[in-house]
Amino acid sequence: MTEELLRVEDLWVRFPTPSGKVVEAVRGVSFSLGRERLGIVGESGSGKSMTGRSILRLVRPPGQVQAKRIMFHDQDLLTLSERKMRQVRGNRISMVMQDPKFSLNPVMTVGRQIAEAYRLHTGASRREAKRATLEMLEAVQIRDPERVRDLYPHEVSGGMGQRIMIAMMLAPDPEILIADEPTSALDVTVQTSVLRIIDRLVKERGMGLIFISHDLNLVATFCDRILIMYAGRVVETCEASRLHEAKHPYTRGLLNALPRLDEPKAALEAMTRDPAWTEAPSVDGYL
Amino acid sequence: MATSEALLVEGLTVAFDGSVAVDAATFAVEEGASFGLVGESGSGKSTILRAIAGLVPDWSGRIEVMGHPLGRRRGAEFFRTVQMVFQDPYGSLHPRHTVDRTLSEPLLLHRFDRVEQRIEEALEQVGLGPSFRFRYPHQLSGGQRQRVAIARALMLEPRILLLDEPTSALDVSVQAEVLNLLDRLRVDRGLTYLLVSHNLAVVAHMCERIAVMQGGRIVETLRADAMRNLTPTNPYTRDLLVASQGYSAGEEE
């Protein structure tokens with residue numbers, strides 16, 4: 001069995017509303033992550049992104065994160081001081097978000113941003129950072145890195161922007177990468193090339209990857225293991241390659257709602273949501 | 001001779017500031033058929049829809065709707081024949097207009113009678129009850145908004161619907177409901193669809209014939225079953241098909 005890099009136990013995320021009601025975005029989710037590609041799938045509002053953000057304590061107030069523990073090696077991330085947490089964030093656990101347009105600083109060249117991130121995390125000299133920047137751009141298969149380094153974010157395409165984000169996130173050599181819909185804003189053919197880069201880096205460096213997505217097909221083909229979330233809970237876990245044998249009616253419903261190229265259907269199945277799915281306790285996703 | 005073509009596009013070219021967005025696109029859609037345009041961003045698929053709808057000021061070539069060639073301007077008659085549904089149901093409904101106002105506006109503009117009754121029927125047709133009539137867009141979910149947008153497009157009883165990524169902003173379970181609704185409406189009302197999407201599975205599900213676009217050109221027009229059998233002749237179509245089936249590790253470049 002692979003070792004556990006991260007263990008999340010009984011995670012809850014709550015948002016109090018002005019009317020006094022509390023919205024529970026994540027409700028008692030437990031899972032662990034090894035050196036693997038773990039997919040979290042669900043529809044909007046299922047709590048998948050909040051789960052990812054909670055690990056890095058990036059849920060903004062008034063949101064409240066509560067868990068028995070979130071163990072990263074032998075540290076409980078929930079008890080770390082904000083200063084200690086900053087050393088984890090980016091350095092040892094990195095996150096890539098959906099849209100590179102909003103994640104990159106628009107008034108700074110790509111090269112400067114990567115170099116800045118690198119220096120912050122490694123304390124390297126300017127010259128050293130400059131060299132590393134080129135290396136990183138090459139690692140994410142950007143041709144002509146010396147030209148790209150001097151471009152501003154609006155001058156690069158979406159696919160290139162996302163590769164730059166990945167280069168930046170991987171610069172400090174993190175042990176875990178959390179990717180929240182990293183390719184949803186990209187065209188399918190670009191998506192494949194970006195995923196191949198993530199895949200290769202994860203394998204080469206023995207990282208753990210949490211891949212958050214709404215795309216069942218993609219997760220089934222890209223990840224090793226999957227958690228399926230619904231209404232803030234994990235309703236089912238399975239090996240990615242066996243998603244199509246999934247048993248939970250929600251997962252089945254999602255699969256049947258999907259138009260498929262290989263099997264034509266007269267009508268797509270409309271899902272009837274059973275209130276019991278919301279009530280059933282979260283399934284644990286430990287290794 | 002009467003043609004059975006609802007929509008004919010011939011040598012349609014659209015250029016913005018010297019860059020060609022659509023390059024000599026040619027296709028025809030029979031009445032009652034559903035025709036798909038697929039391609040990646042920047043391929044020109046949405047621009048074709050916008051040119052037909054009159055949202056692109058400068059185009060050349062020929063566009064015929066129900067046998068009538070279109071000029072520069074679109075008259076009231078055109079909008080009674082052709083209506084459009086946009087991708088983003090969050091952006092395409094006026095945030096401060098109730099569903100009732102959104103649906104009644106086209107009727108009043110075109111001086112239709114029986115406004116009350118038509119609104120009630122339209123809501124019923126798209127599967128929203130009468131209770132939705134006086135709600136604002138922020139009180140609706142994404143799928144409900146898209147139903148309202150479809151209802152609005154149907155108010156003038158058009159013959160042709162231009163659908164621009166109608167389900168891309170929706171969750172799969174909601175997408176299934178909206179696609180089923182569109183399918184049913186087409187059969188019930190004998191509508192003709194021109195559907196733009198980046199999702200090949202959605203297009204293959206909805207359309208009989210599909211044009212694949214790349215860099216402003218239609219590189220291949222094929223039947224949906226040819227697409228399902230993965231037997232396209234064009235290498236780009238093949239790449240697109242493979243990529244849309246999910247991730248494949250492939251060979252390292």
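Proteins come first, then strands; the chains are lettered A, B, ... in the order of their sequence lines, and each starts at number 1. Owing to the predicted nature of the structure, the values given are computational and were not obtained by experimental measurement.
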Atom pair CZ/OG of A/Arg273 and B/Ser173 - distance to nearest 0.5 Å: 4.0 Å
Quick one: does any side-chain atom of B/Asn180 pair with a main-chain N or O of A/Ala267 as donor and acceptor, under 3.5 Å? no
Does the A/Asp187 side chain pair with the main chain of B/Glu40, one donor and one acceptor, at a distance under 3.5 Å? no
If you compare all heavy atoms of A/Glu43 against all heavy atoms of B/Val172, which two are closest, and at what distance to 0.1 Å? OE2-N, 3.5 Å
A quick test of your reading: do over 12 heavy atoms of other residues, nucleotides or ligands sit less than 6.0 Å from CZ of B/Arg217? no
State the CG-CZ distance between B/Leu200 and A/Arg260, to the nearest 0.5 angstrom. 14.0 Å
Hey, is the main chain of B/Tyr247 close enough, under 3.5 Å, to the side chain of A/Thr221 for a donor-acceptor pair? yes
Is B/Glu177 close to chain A through its backbone or its side chain, or both, or neither, when contacts mean heavy atoms under 4.5 Å? side chain
Go through the steps for A/Val188 and B/His198 under the test side-chain contact (heavy atoms from CB on, under 4.5 Å), then give the verdict. CA-CA 8 Å; A/Val188 274; B/His198 69 283; 5.6 Å; no
Quick check: closest heavy atoms across A/Leu261 and B/Ser244, and the distance to 0.1 Å? CD1-OG, 3.9 Å
Applying side-chain contact (heavy atoms from CB on, under 4.5 Å), run through B/Arg228 and A/Asp262 and close with a yes or a no. CA-CA 6 Å; B/Arg228 291 185 188 283; A/Asp262 44 0; over 6 Å; no
Flag if over 12 foreign heavy atoms under 6.0 Å of CD, B/Glu124: no
Using heavy-atom distances under 4.5 Å, tell me whether A/Leu258 contacts chain B through its side chain, its backbone, both, or neither. side chain
Between the CG atom in B/Asp239 and the OG1 atom in A/Thr189, the distance rounded to the nearest 0.5 Å is 7.5 Å
Residue A/Glu263 excluded, over 12 heavy atoms near CD under 6.0 Å: yes
So which residue, A/Ala270, A/Gly253, A/Ala257, ends up with the most heavy-atom pairs under 4.5 Å with chain B? A/Ala257
So do the side chains of A/Asn217 and B/Gln245 get within less than 4.5 Å of each other, counting heavy atoms only? no
Which distance, rounded to the nearest 0.5 Å, do you find between the OG of B/Ser248 and the CG of A/Leu195? 9.5 Å
Heavy-atom proximity to chain B below 4.5 Å, by part of A/Ala220: neither
